[in-house]
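Notes for the one structure printed next.
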Amino acid sequence: MENAATPEIPKTYSPQTVEGHWYAAWLARGFFKSSPNPDKEPYTIVMPPPNVTGVLHMGHMLNNTIQDVLIRRARMQGKEALWVAGTDHASIATEAKVVAMLKEQGISKRDITREQFLEHAFAWKDKYGGIILEQLKKLGASCDWDRTRFTMEPKLTEAVLKVFVDLYKKGHIYRGIRMVNWDPEGRTAIADDEVIAKEMPMKMYYLRYEVVEEVRGERSEVRGEDSEAPLTSDLSPLTYITVATSRPETIMADVAVCFNPTDERYRWLKGRKLRIPLFGKEIPAIFDEYVAVDFGTGALKVTPAHDINDYELGLRHNLPVIDALNDDGTLAAVGGAYAGLDRFVVRRQIAKDLKEAGLLEKIDDYQTSVSTSERTGAVIEPKLSLQWFLKMEPFKAQALEAVMSDEVQLNPPKFKNMYRTWMEGVRDWCISRQLWWGQRIPAYYLADGQIVVAETDAEALVEARKLTGNPTLQLDQLRQDDDVLDTWFSSWLWPISVFDGFEDPNNADINYYYPTNDLVTAPEILFFWVARMIIAGQEWRGAVPFKNVYLTGIVRDAQGRKMSKSLGNSPDPLDLIAEFGADAVRTGMLFSSPAGNDLLYDQKLIEQGRNFNNKLWNAFRLLKGWEVDGAAPQLAAARLAGEWFGAKLHHAIGQLDADFAEYRLSDALMTVYKLTWDDFCSTYLELIKPPYGAPIDGATLAQASGFLETLLRVLHPFVPFLTEEIWHRLAPRADRAYCCVAPWPTPGPVDTTFLGRFERALDVVQAVRNQRAAKGLSPNLSLPLVARDGAALAGLEAVVQKLANVSTLTVGEAPAGAVPVVAGGTELALVLPEGSFDVEAERARLTKDIEYTRGFLLSVDKKLSNEKFVANAKPEILEAERKKHADGLAKLAQLEAQLAAL
RNA sequence: GGGAUGUUAGCUCAGUUGGUUUAGAGCGCUUGCUUCACACGCAAGAGGUCACUGGUUCGAAUCCAGUACGUCCCACCA
């Protein structure tokens with residue numbers, strides 16, 4: 001039923017009508033803006049920049065909710081809080097999207113120039129870029145939006161180029177031929193970390209390589225290189241050896257067949273040559289420990305251009321490198337009849353041709369992991385190519401030390417081990433990508449192959465003239481490298497570049513905000529991003545970029561599957577916000593997602609958040625609906641309730657501060673959740689409720705409003721919109737007096753003795769209610785309660801009376817027909833109405849209680865009768881056990897007496 | 001294959017240097033309740049040999065070893 005006094009306050013909270021309003025109000029008053037303030041302690045978070053063309057997904061929701069909770073609390077604590085937002089140009093992902101878009105328009109990337117492509121790309125970015133930041137506003141993200149940056153904007157590009165030139169001059173950047181992970185779909189090299197190993201069913205092909213009997217014999221000449229005639233199956237067992245491979249399409253690039261030197265089966269092949277099936281080319285038999293005797297047939301075909309191990313084998317044995325694949329994954333000219341066909345087509349075709357030629361012994365099914373590209377999903381080709389690299393050796397020791405010494409603290413700390421393993425084994429960073437969307441490598445080639453590296457064309461020309469001694473050299477005689485830099489080569493500078501720390505290394509912002517406080521990100525990018533930011537910070541600022549790293553988990557569905565577009569198991573966060581409100585979504589994300597743990601998403605969590613918001617809303621409604629009588633005296637129950645909740649509040653605030661100090665945000669949320677629901681609503685408000693129809697006294701209402709206001713403040717970081725709404729409805733406020741900038745409460749003294757006594761009184765309340773429920777008595781029926789000893793409840797009688805609906809609470813012997821209740825360390829008796837006393841039920845209950853107590857006493861006795869325990873245990877432990885024993889005995893005696901009285 | 005880490009109520013997790021009742025929370029579940037803030041609610045209740053085996057100790061969910069299963073990272077045998 002609607003409360004008559006609050007017809008204007010709906011009984012269900014509707015976030016939809018208030019969230020947009022308060023977000024606009026916060027922005028209008030500039031609460032999220034920050035500038036260096038020497039009088040305040042800075043608190044800075046730099047947002048991990050989402051992909052510029054991305055849209056909000058559940059992972060962003062979790063990540064940004066955490067950041068917003070941290071930043072809002074810091075702001076309320078009076079720190080100069082700054083949360084910097086921005087977007088990442090995400091070269092591979094974005095370029096792929098632009099290419100796809102152009103394809104739809106019938107435009108092929110190969111038909112247009114770099115400049116034209118970039119024009120399209122920027123147009124796309126301007127149209128779709130930054131949508132995600134607008135979506136974050138719906139979540140309540142309190143970023144200083146005036147400071148929003150983009151990794152490819154001119155100033156940040158300048159920083160990237162500056163860093164490249166700097167590193168080049170320091171000798172840390174080099175260009176070299178390396179085996180890289182080639183993505184034939186994206187046609188670019190990708191980093192080791194961008195490679196995902198996937199278990200896939202594969203086939204193992206067993207091919208026959210003919211043994212060439214005479215190294216310079218006639219047979220090879222007779223057959224000739226151009227012979228189309230396949231080798232036939234009339235080979236006797238001694239004239240061929242069988243090689244197992246999963247990649248028959250690369251046989252034309254084989255340069256040797258390798259055996260383990262200890263393998264008796266193949267020793268006779270020493271110095272001999274083998275013939276590649278179908279192609280007839282002769283290759284040497286070589287011997288190397290690398291080959292496993294017990295895998296396959298013990299014979300390994302060596303294809304240096306297409307396998308990293310083979311490549312290293314080739315280096316050891318001075319073998320040539322034959323590249324059989326084009327950049328797009330089709331066979332090169334060396335593939336002969338197969339040239340131009342896709343590698344997987346060729347695999348099937350070659351298998352078929354081999355079979356027809358009798359050179360395919362068998363095909364086995366075989367499960368193995370295949371490297372795929374994180375971005376395009378294509379199967380990776382190991383490929384030799386000319387790339388730019390950054391040496392890691394000069395940086396690793398210091399970057400490792402920063403984390404191991406907790407100068408940068410990882411939360412949870414279990415990630416330290418992972419970090420160490422990676423950093424110790426770190427390899428040089430391949431920083432070039434064969435793409436157009438990104439920062440173009442500022443290296444320029446002269447006609448004679450010499451290289452100059454400079455931030456701008458003009459500077460490059462100056463350098464080149466100096467280098468060549470030719471003052472008339474023109475820019476068109478320089479050719480800039482076509483590749484762009486890896487996206488991470490701009491993101492690793494993010495905590496510095498967002499404050500223009502490269503452009504102007506001594507500016508007020510960077511000096512004030514750097515190093516930042518917390519970084520909130522996913523463990524998956526600990527290496528590509530976090531580790532490299534630490535390196536960049538140490539290299540250019542001489543200080544790590546952040547003090548704490550909060551590593552979030554992955555948002556999964558209820559079955560534990562990662563949320564993904566293709567599975568269709570991810571809800572649209574904006575739909576959730578529209579349906580349940582941002583506050584509900586925020587709390588839903590934080591329930592049960594401790595740092596580093598995956599979040600098993602279930603809409604129930606969001607509903608729980610919504611229910612909680614509604615609970616708080618109704619607490620406010622109750623308060624607002626009361627008639628006040630300023631002259632009425634405060635009732636005992638209300639006075640006690642105030643004393644208790646005040647202590648409880650202080651206790652909770654202390655707990656909250658501890659939770660936050662350890663980045664236990666789920667626990668912090670649970671602390672305020674229980675404080676609000678159980679303590680404030682279920683206990684405090686019930687205690688101060690005036691009798692039916694009566695007004696509340698002014699003192700109690702004022703205190704209750706004060707408590708609610710404090711509650712709003714500790715709840716604000718979690719539920720910013722609702723708390724702001726109630727804040728303004730609760731009392732008239734000055735223009736800038738907003739909950740979002742209200743001071744964070746500080747814990748006061750807590751009378752734990754009083755809290756303990758009160759808890760015991762609540763135990764009595766629960767026991768009485770239990771009896772009512774067991775007897776099916778209405779909670780509206782007032783019953784007399786008799787306590788054997790009044791000490792335990794002394795002064796708290798009003799609490800028991802109010803909450804348990806006890807008509808009179810007296811001290812004395814239990815009257816006949818009263819049901820015994822033992823709770824809160826005292827023995828009581830509830831006087832039941834005529835006819836509701838059930839002797840058998842009582843006997844059963846008491847017997848059960850007695851059994852439990854006996855069992856308990858037994859366990860205590862066991863300890864106390866153990867001489868070694870008595871001799872060795874700490875005195876306070878011993879004392880506690882003795883007290884347990886005595887209390888247990890007393891309780892047992894009481895119960896037995898009650899049983900006898902029945 | 002190497003290395004980390006985990007296994008506590010139906011689910012998700014706490015459990016701080018071994019000893020505060022015979023292990024806690026939230027959700028879920030069961031029962032009762034249209035009680036004048038809220039059924040997105042109220043009250044009560046049930047539910048666990050702390051994966052298994054062994055060891056250290058007066059005492060182990062907690063420390064040690066092994067086993068099983070899981071997760072993650074690294075390296076991958078064609």
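Letters go in sequence order (proteins before strands), and every chain restarts at 1. The model shown is predicted, which means the values in this text are computed figures rather than measured ones.
The pairing partner recorded for B:U30 is B:A44, the criterion being a Watson-Crick or G-U wobble arrangement whose two distances lie under 3.5 angstrom.
With B:C38, B:A78, B:U35 as the candidates, the nucleotide lying closest to the side chain of A:Lys615 is B:C38. With distances taken from any side-chain atom of A:Pro594 to the nucleotides B:A37, B:A43, B:A14, the minimum falls on B:A14. Each of B:C40, B:C74, B:A44 was ranked by its minimum atom distance to the side chain of A:Thr12; first place goes to B:C40. When distances are taken from the side chain of A:Lys11 to each of B:A39, B:A43, B:A78, the shortest belongs to B:A39.
If you measure from atom CG of A:Asn618 to atom C1' of B:G41, you get 9 Å, rounded to the nearest angstrom. Whole-Å rounding puts the A:Gln655 CD to B:A14 P distance at 15 Å. Here B:U12 presents its P atom at 13 Å from CG of A:Asp557, a figure rounded to the nearest Å. Note: CZ (A:Phe620) to P (B:C40) measures 21 Å, nearest angstrom. One can place CG of A:Asn770 at 4 Å from P of B:G45, the figure rounded to the nearest angstrom. Atoms CG (A:Asp598) and C1' (B:C13) sit 13 Å apart, rounded to a whole Å.
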* Asked: Using a cut-off of 4.0 Å between protein heavy atoms and nucleotide atoms, how would you tag nucleotides 25-32 of chain B 5' to 3' with B, S and -?
  -> SSS-----
N/O to N/O distances under 3.5 Å, protein versus nucleotides 55-61 of chain B:
unit_1: B:C58; atom_1: O2'; unit_2: A:Asn866; atom_2: ND2; d: 2.5

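Within the 4.0 angstrom heavy-atom criterion, only backbone atoms of the sugar-phosphate kind lie near A:Asn597; the bases stay farther away.
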